[in-house]
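To start, the structure under review is shown below, and the notes come after it.
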Protein chains: 2
Amino acid sequence: MKKAIILSYSKEAEIFKALSHPTRLFIVHKLKEKDICVCELTAMIGDDISTVSKHLSVLKTAGIADSTRKKNQIIYRLKMRCVIDMSLCINRKRKAAL
Amino acid sequence: MKKAIILSYSKEAEIFKALSHPTRLFIVHKLKEKDICVCELTAMIGDDISTVSKHLSVLKTAGIADSTRKKNQIIYRLKMRCVIDMSLCINRKRKAAL
DNA sequence: TGGCTATTTGGTAAAATAGCCAATATGAAG
DNA sequence: CTTCATATTGGCTATTTTACCAAATAGCCA
């Protein structure tokens, strides 16, 4: 059984895990500009729509995005906008490292 | 073959992935206070030293930590300190959600 | 209602990750 | 040089993740 002090980081880890896939990061960066439906994201990404849907589900479960229905489309929205700051932080570091 | 625009997020994704494990987050939060050797981290975590060493290797490869030798210990240091800001951002959100 | 569009869910195979033990390195100290 | 302490690497298995296809679901509209 894992120590409680370690387990206390599980929720935070889940959020980082949701951001740990290139496709999901791409989605986050698109959503920072505007709300987008699954179909449009799928067209941009080029994966099967079921794959994209599952990525979106991961982001939603982690609390990073949420969704609403509009006619027969599901529109996703970036809920945790501070992930953009994380991105900036990382890329600032990456450029500084050159 | 994945689209280039998606692949361009791979490096950023790697950093988030490195932070996506409770044990590694624990390590990061300890390292923000002071530099620590593998043996001390291992004692705090309770996993096999080889497991801890591999976690540290992930953090190092991602550019989040680095290490120096001191006598026969390897001392790890938090290199990308802005991951602390990410943590704050996430936990601020989490508390706001209650 | 029935068909249409958009999305999610289930199933599955391949790949990646985690964690343990054993084996190997690497420097320290006698 | 030998032994000790510290850390890393290799090998293995169990678990998780990813991505596809097929099937099911949900709302819209004739």
Side-chain angles (χ1 to χ4, degrees), chain A residues 1-3 5-7 9-28 30-31 35-62 64-77, chain B residues 1-3 5-7 9-28 30-31 35-62 64-77:
Chain A
M1 182 194 45
K2 267 287 180 221
K3 287 194 178 176
I5 181 68
I6 305 287
L7 290 178
Y9 287 102
S10 298
K11 176 64 188 168
E12 190 176 333
E14 191 199 328
I15 291 170
F16 284 120
K17 184 177 293 184
L19 296 169
S20 74
H21 190 288
T23 299
R24 291 196 293 269
L25 275 182
F26 171 82
I27 291 171
V28 163
K30 282 298 172 186
L31 290 183
D35 301 350
I36 315 181
C37 67
V38 182
C39 52
E40 192 176 344
L41 285 167
T42 300
M44 292 188 282
I45 293 165
D47 282 345
D48 191 272
I49 189 173
S50 69
T51 301
V52 174
S53 177
K54 276 170 186 168
H55 281 309
L56 287 165
S57 163
V58 170
L59 291 173
K60 195 170 165 180
T61 300
I64 294 167
D66 61 8
S67 65
T68 53
R69 176 176 287 272
K70 189 172 178 180
K71 299 251 180 175
N72 51 359
Q73 295 185 335
I74 308 290
I75 312 291
Y76 277 81
R77 182 183 74 91
Chain B
M1 180 196 45
K2 267 291 179 215
K3 288 194 177 175
I5 180 68
I6 305 287
L7 290 177
Y9 287 102
S10 298
K11 177 62 187 167
E12 190 177 333
E14 189 200 330
I15 292 170
F16 283 120
K17 186 177 292 187
L19 296 168
S20 74
H21 191 289
T23 299
R24 291 197 292 267
L25 274 182
F26 172 83
I27 291 171
V28 163
K30 283 297 172 188
L31 290 183
D35 301 350
I36 314 181
C37 68
V38 182
C39 52
E40 192 176 343
L41 285 167
T42 300
M44 291 188 281
I45 292 165
D47 282 344
D48 191 273
I49 190 174
S50 69
T51 301
V52 174
S53 177
K54 279 171 185 169
H55 281 310
L56 287 164
S57 164
V58 170
L59 290 173
K60 196 170 165 179
T61 301
I64 295 167
D66 60 7
S67 65
T68 53
R69 175 176 289 273
K70 188 173 181 180
K71 300 256 181 171
N72 50 2
Q73 295 184 335
I74 309 290
I75 312 291
Y76 277 80
R77 182 183 74 91

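In what follows, every chain begins at residue 1, and chains take the letters A, B, ... in the order their sequences are listed. Just so it is clear, the values below take in all heavy atoms, side chains as well, and ignore hydrogens, waters and symmetry mates.
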Donor-acceptor pair, side chain of A:Lys3 and main chain of B:Met44, under 3.5 angstrom: yes
Under 3.5 Å: donor-acceptor pair, side chain of B:Thr61, backbone of B:Ser57: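 At least one qualifying donor-acceptor pair exists.
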List the residues meeting salt bridge (Lys or Arg N to Asp or Glu O under 4.0 Å) with A:Arg69, not counting sequence neighbours, and say none if there are none. none
Have a look at [X] and say if it touches a base, only the backbone sugar-phosphate, or nothing, with a 4.0 Å heavy-atom cut-off.
X       : value
A:Ile74 : sugar-phosphate
A:Asp47 : sugar-phosphate
B:Ser50 : base

Taking only residues at least two apart or on different chains, which pairs with a member in residues 44-62 of chain A satisfy salt bridge (Lys or Arg N to Asp or Glu O under 4.0 Å)? A:Asp47-B:Lys2
Pairs under 3.5 angstrom only: tabulate donor-acceptor contacts from the side chains of residues 16-27 of chain A to other protein residues two or more places apart or in another chain.
unit_1, atom_1, unit_2, atom_2, d
A:Ser20, OG, A:Lys17, O, 2.7
A:His21, ND1, A:Thr23, N, 3.0
A:Arg24, NE, A:Ala18, O, 2.7
A:Arg24, NH1, A:His55, ND1, 3.0
A:Arg24, NH2, A:Lys17, O, 3.2

Contact span of DNA chain C against chain B, any nucleotide atom under 4.0 Å from a heavy atom, 5' to 3', runs C:dT17 to C:dA29
In short, B:Cys37 meets B:Ile75 closest at the heavy-atom pair CB-CD1, 3.8 Å
Closest heavy-atom pair and its distance - B:Val38, B:Tyr76: CG2-CE1, 3.6 Å
Taking OP1 and OP2 of D:dA19, is either one under 4.0 Å from a side-chain nitrogen or oxygen of A:Thr51? no
d([atom1], [X]; [atom2], [N]) in whole Å:
X       : N      : atom1 : atom2 : value
A:Ile49 : D:dA22 : CD1   : C1'   : 14 Å
B:Arg69 : D:dT6  : CZ    : P     : 12 Å
B:Ile36 : D:dA7  : CD1   : C1'   : 16 Å
A:Lys54 : D:dT16 : NZ    : P     : 16 Å
A:Ile45 : D:dA19 : CD1   : C1'   : 13 Å
A:Asp48 : D:dC20 : CG    : P     : 6 Å

Rounded to the nearest 0.5 angstrom, the CG-CD1 distance for B:Leu41 and B:Ile36 is 4.5 Å
Of residues 16-25 of chain B, the positions that come close to DNA chain D - non-hydrogen atoms, cut-off under 4.0 Å: none
Are B:Arg77 and B:Asp35 within salt-bridge range, i.e. N to O under 4.0 Å? no
Just the dot-bracket of DNA chain D, please: which string comes out with Watson-Crick or G-U pairs under 3.5 Å, [ ] for crossing, | for another strand? ||||||||||||||||||||||||||||||
